[in-house]
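Taking it in order: structure first as structure tokens, then the write-up.
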Number of protein chains: 2
Amino acid sequence: MPPYDPSAFPPFAVTVDLVVLTVRRHALCTLVVRRGEAPYQGRWALPGGFVREDEDLSGAAARELVEETGLCAHDPAAPPPVPSNGAHLEQLATYGAPDRDPRMRVVSVAHLALAPDLPAPRAGGDANSARWAPVEELLGEDVLAGTAEAIGVAHGAGAAGDSGDMAGGEKQGGPVALAFDHARILADGVERARSKIEYSSLATAFCPPEFTVGELRRVYEAVWGVALDPRNFHRKVTGTPGFLVPAGGTTTRQGGRPAQLFRAGGATLLNPPMLRPEV
Amino acid sequence: MPPYDPSAFPPFAVTVDLVVLTVRRHALCTLVVRRGEAPYQGRWALPGGFVREDEDLSGAAARELVEETGLCAHDPAAPPPVPSNGAHLEQLATYGAPDRDPRMRVVSVAHLALAPDLPAPRAGGDANSARWAPVEELLGEDVLAGTAEAIGVAHGAGAAGDSGDMAGGEKQGGPVALAFDHARILADGVERARSKIEYSSLATAFCPPEFTVGELRRVYEAVWGVALDPRNFHRKVTGTPGFLVPAGGTTTRQGGRPAQLFRAGGATLLNPPMLRPEV
DNA sequence: GCAAAAGTGTTCCCTTTACACCCATGT
DNA sequence: ACATGGGTGTAAAGGGAACACTTTTGC
């Protein structure tokens, strides 16, 4: 690669940011890390970091995911011997407003990861702590408003009320203000997840390798924030070809009658789709 | 903004590339420009260019769109006095494989634009000519294969057969090989358009301000590459609230009985969606 | 027995589909 | 008259919503 010639084009820093979603205790949660340095020192932020010289975008995202969670995502572009434990990783959108980082011009390629319920996260990189935060706590109740349809940049502070000097703000009642434009990125990621579980089998990425129909239903209920009819859900999900395959055993970990265990089937697209109830 | 410190992060060039789609003579077409310089000199490529120092990503995409086509897209982030002639512009995906440009490390934020049938394109920038090319000619018949679901990078040359030294290749029988990874970008853009007209009113972005139900149906037929029942299509589309509003007049430009003219209604999401027939 | 969760059966209703049929214009 | 595209009616088939009911565990 020829040396960098600053007269030919303006130099940018390129980062990847991660929206890692999981379902914990019936709530949709995302991984946030506490910033150890300015700007936004002490505030919660999405995990992320610089893309390296010789790395592609999905590789950088997968590397950050491992560093933050230990998860190995399935990356179709990676060479075969990559142990995937089923986590899903896809590109979400790119954010590049000129003033989004006061230090320099940064373009961030956000990625969306879906993970089963994990043990406590391990902190890493420039963060001095990390946790799973309910998205409702970070975005408020009205996450459905911004449909993330139009061009996904330059919307300003967005949904989370950015209340001034509250560095390190937490447990103050209102939503916690994320650093940078991360509230918008998170909202876009949540909206993507809510849409995709309608017409794809991605909801299984929130489940352990073997799971019951009831556990899968509770994933849909947590992500969409609605209650679903267990009887119709069961019929629909077991009747959709390729969605679920019986794993053989049963479990009684939820109480009540033992439930059959399933694994995710080969299908990725659901036809007909799961229908999200009206608001 | 502080001065650039090359020790802090690797410098990237950031560009926007445009997938501009339109329907011409019953075929889905995209705007391509001929490259005037190496690499890929003489080959067709998607229009695009560097993002400027003080410009956000959607602003750069809108600027390129004006430069190449004269279209003013509706950008929700732009200040009010922007004349929009109805073209749709949204971010598509970002491509950043380390070797995608042999000259330097380039990350390209691709955007998707949908436009009504336009007069001949005006060439601009570093291209010495431009044209509307049927996507079938650029991608071959099997565009449906790559569903563009997974991480959208590092898939190599992709669908278009990259046949070696054929610089400036055209009208050779097989598909014309686009420069860089533009065949994949185009395939992802086409797939996005095919999906979005199912559940949104975006198909009207391919139509002039006033149009007939038959013209709208021919848009769906061209984008999906299928034949639709004109009777059921009419009932469906006029029965979906907010999709179409009567414009008052009639036209006979298609021959046969005069057809009512409509304008796009306020709705952006279609409920229930238009159903794409099975393959 | 009782509570709780897992499944199954059935009925109603709405949407889609296929196609017969009529309407209004140009040649 | 006839071809061409526009628009309405209608009946059969399929899928979703609502809910009564049975099954199998733990306490």
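Only this structure's heavy atoms are used, side chains among them; waters, hydrogens and symmetry mates stay out. Naming: A, B, ... by sequence-line order, numbering from 1 per chain.
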Could you walk me through whether B:Trp132 and B:Asp117 pass the side chain to side chain contact (heavy atoms under 4.5 Å, CB included) check?
CA-CA 10 Å; B:Trp132 293 106; B:Asp117 198 356; 5.8 Å; no

If I take atom CD in residue B:Gln260 and atom P in nucleotide C:dT25, what distance separates them, rounded to the nearest angstrom?
13 Å

Distance check: side-chain N/O of B:His234 vs OP1/OP2 of D:dG7, anything under 4.0 Å?
yes

Selection from C:dT25, C:dA5, C:dT10 that lies nearest to any side-chain heavy atom of A:Arg235
C:dT10

Integer-rounded Å distance: D:dG6 P and B:Leu261 CG
12 Å

Could you give the CD-to-P distance, from B:Gln254 to D:dG7, as a whole number of Å?
11 Å

Counting only side-chain heavy atoms from C-beta out, which of C:dA6, D:dG7, D:dG15 sits nearest to A:Pro272?
D:dG15

Heavy-atom side-chain proximity of A:Cys207 to A:Leu216 below 4.5 angstrom:
yes

Contact class for A:Arg217 (heavy atom, under 4.0 Å): base, sugar-phosphate, or nothing?
sugar-phosphate

Indicate yes or no: at least one non-hydrogen side-chain atom of A:Val223 is less than 4.5 angstrom from one of A:Phe206.
yes

N or O in side chain of A:Lys236 less than 4.0 angstrom from D:dG16 OP1/OP2:
yes

Pairwise side-chain contact, B:Thr22 with B:Cys29, heavy-atom cut-off 4.5 Å (strictly under)
yes

Of C:dT16, D:dC19, D:dG6, the nucleotide closest to the side chain of A:Arg231 is D:dC19

Please give, in whole Å, the distance from D:dG15 C1' to A:Met274 CE?
13 Å

As a test of reading the structure: which of C:dA6, D:dT8, D:dG6 is closest to the side chain of A:Thr212, going by heavy atoms?
C:dA6

What is the distance from CZ of A:Arg253 to C1' of D:dG26, rounded to the nearest Å?
17 Å

Could you tell me how far apart B:Asn232 (CG) and D:dA11 (P) are, to the nearest whole angstrom?
15 Å

Nearest whole Å is fine: how far is D:dG5 P from B:Leu228 CG?
16 Å

When you get a sec, tell me which of C:dA24, C:dT8, D:dG16 is the closest nucleotide to the side chain of B:Pro258?
C:dA24

For atom CZ of B:Phe233 and atom P of C:dT16, their distance in whole Å:
13 Å

Taking the minimum atom-to-atom distance to the side chain of B:Arg257, which one of C:dT16, D:dC19, D:dG7 wins?
D:dG7

Quick check: does any side chain N or O of B:Glu137 sit under 3.5 Å from a backbone N or O of B:Pro134, one acting as donor and the other as acceptor?
no

